[in-house]
Amino acid sequence: MSKIEFLITNNYEEMSQKAADIIIEFLKKKPNAILGLATGSTPIGLYKILIAKNKEKLISFKDVITYNLDEYCGIPKNHEQSYFTYMNKNLFDHIDINKNNTHLPNGEGNPKINSENYEKELNQIKIDIQILGIGSNGHIGFNEPGTDFNMGVHEVDLTENTIKDNARFFENDISKVPKKAITMGIKNILNAETIILIANGKNKANAIKNIMSGTVDKNIPSSALNLHKGKVYVIVDKEAASMI
Ligand code: PGA
């Protein structure tokens, strides 16, 4: 069973800084680290800090390898809201990473074949640090409530809750939000050596309470973190901790 290290910070900036500190220290020790990366609004502050530290030459991404959690299906790779675009815009374009070392699931073409290919890639490596956000419904990656914890990379139908949450990135128009995605499974996520979950805001409070209650329930995907054998950090702001 995992022993989760739970850190409550004053605000979004502190949450981002705490997560960044762990990654910065690790990169100093292991410059060729394999990082698992997340998208969404939560990690933006963390990525900004990593960019700044890279510019100050305190850390380098020259030998870092990255694997992202998920990607939408049904929109092209170069769509402004694809996770491929997000990663370039919010991190990769601003650091000294070799883009050949950055990996995301392919949301174009056959989702089954693309899932199998990403699974094969992941099975050849071990992620050192996996960064996670969390959905208001407790999803991690795009593993929605009810997902079998033993599943590897797979195609998912996004729930109405997630489509609604993500409409803000698509001009608040639900019809524009992709309805499917490819995601690492919980099995893949739990394979990481260390996991850092970050969350801020009141709408995450219930999801955070559910992790910290220690239950393990497939209707709460994030509760799988309680099964992780390695280190798990859950770093939140005050509002996300408000139901603990
Ligand atoms: P958010 O998404 O960071 O945009 O809130 C988190 C998630 O859905 O995993």
Side-chain angles (χ1 to χ4, degrees), residues 9 11-20 35-50 67-73 75 80-87 89-91 104-105 107 127 129-147 153-154 156-172 174 176-186 188-190 192 195-211 219-225 232-243:
T9 62
N11 51 42
Y12 179 77
E13 286 69 33
E14 271 189 27
M15 175 205 78
S16 305
Q17 187 65 54
K18 278 256 179 295
L35 300 180
L37 299 179
T39 52
S41 44
T42 313
I44 297 274
L46 161 64
Y47 294 154
K48 282 196 173 136
I49 297 169
L50 295 180
Y67 288 87
N68 264 77
L69 282 168
D70 45 18
E71 177 61 287
Y72 287 121
C73 296
I75 55 173
E80 61 170 0
Q81 292 302 337
S82 75
Y83 289 161
F84 174 82
T85 301
Y86 171 106
M87 287 312 305
K89 214 172 78 188
N90 292 302
L91 186 63
L104 286 99
I127 289 176
I129 300 181
Q130 175 68 55
I131 298 161
L132 292 180
I134 186 169
S136 61
N137 64 358
H139 75 209
I140 48 176
F142 271 135
N143 293 283
E144 299 284 26
T147 307
V153 180
H154 60 284
V156 286
D157 290 316
L158 302 181
T159 59
E160 248 183 77
N161 182 86
T162 297
I163 292 168
K164 250 190 246 158
D165 279 355
N166 288 4
R168 67 191 194 281
F169 300 115
F170 293 86
E171 298 151 29
N172 286 314
I174 282 179
K176 289 191 177 148
V177 184
K179 307 295 180 288
K180 287 180 186 289
I182 292 178
T183 185
M184 280 191 201
I186 289 181
N188 309 107
I189 293 172
L190 293 185
I195 296 173
I196 304 176
L197 184 144
I198 48 178
N200 67 294
K202 266 214 153 47
N203 67 326
K204 302 293 172 70
N206 191 46
I208 293 300
K209 181 189 80 178
N210 283 334
I211 303 178
N219 292 313
I220 309 165
S222 54
S223 71
L225 298 187
V232 181
Y233 297 90
V234 173
I235 308 175
V236 301
D237 73 347
K238 275 186 189 153
E239 291 188 339
S242 61
M243 287 174 75

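Counting convention: from 1, in listed order, for ligands and their atoms alike.
I134 O, 3.4 Å is the protein heavy atom nearest to atom 6 (C) of ligand 1. Protein heavy atom closest to atom 7 (C) of ligand 1, with residue, atom name and distance, is H139 NE2, 3.4 Å. Scanning all protein heavy atoms for the shortest distance to atom 5 (O) of ligand 1 gives K204 NZ, 2.7 Å. Protein heavy atom closest to atom 3 (O) of ligand 1, with residue, atom name and distance, is T42 OG1, 2.4 Å.
Among E144, K179, K164, the one residue that satisfies the side chain to side chain donor-acceptor pair (under 3.5 Å) test with T159 is E144.
Taking a cut-off of under 4.0 Å to the non-hydrogen atoms of G133, the atoms of ligand 1 that pass are 9 (O). Near G40, with a cut-off below 4.0 Å to any heavy atom, the atoms of ligand 1 are 3 (O), 4 (O). Near G135, the atoms of ligand 1 lying under 4.0 angstrom from a non-hydrogen atom of the residue are 7 (C), 8 (O), 9 (O).
Taking all atoms of both residues into account, the shortest heavy-atom contact from V232 to L225 is CG2-O, 4.0 Å. The two residues I75 and P178 have their closest heavy-atom pair at CG2-CG, 3.9 Å.
Between L69 and Q130, the closest side-chain pair of non-hydrogen atoms falls below 4.5 Å.
Between Y72 and F169, the ring centre distance reaches or exceeds 6.0 Å.
E71 places a side-chain N or O within 3.5 Å of a backbone atom of F84 that can act as its donor or acceptor partner.
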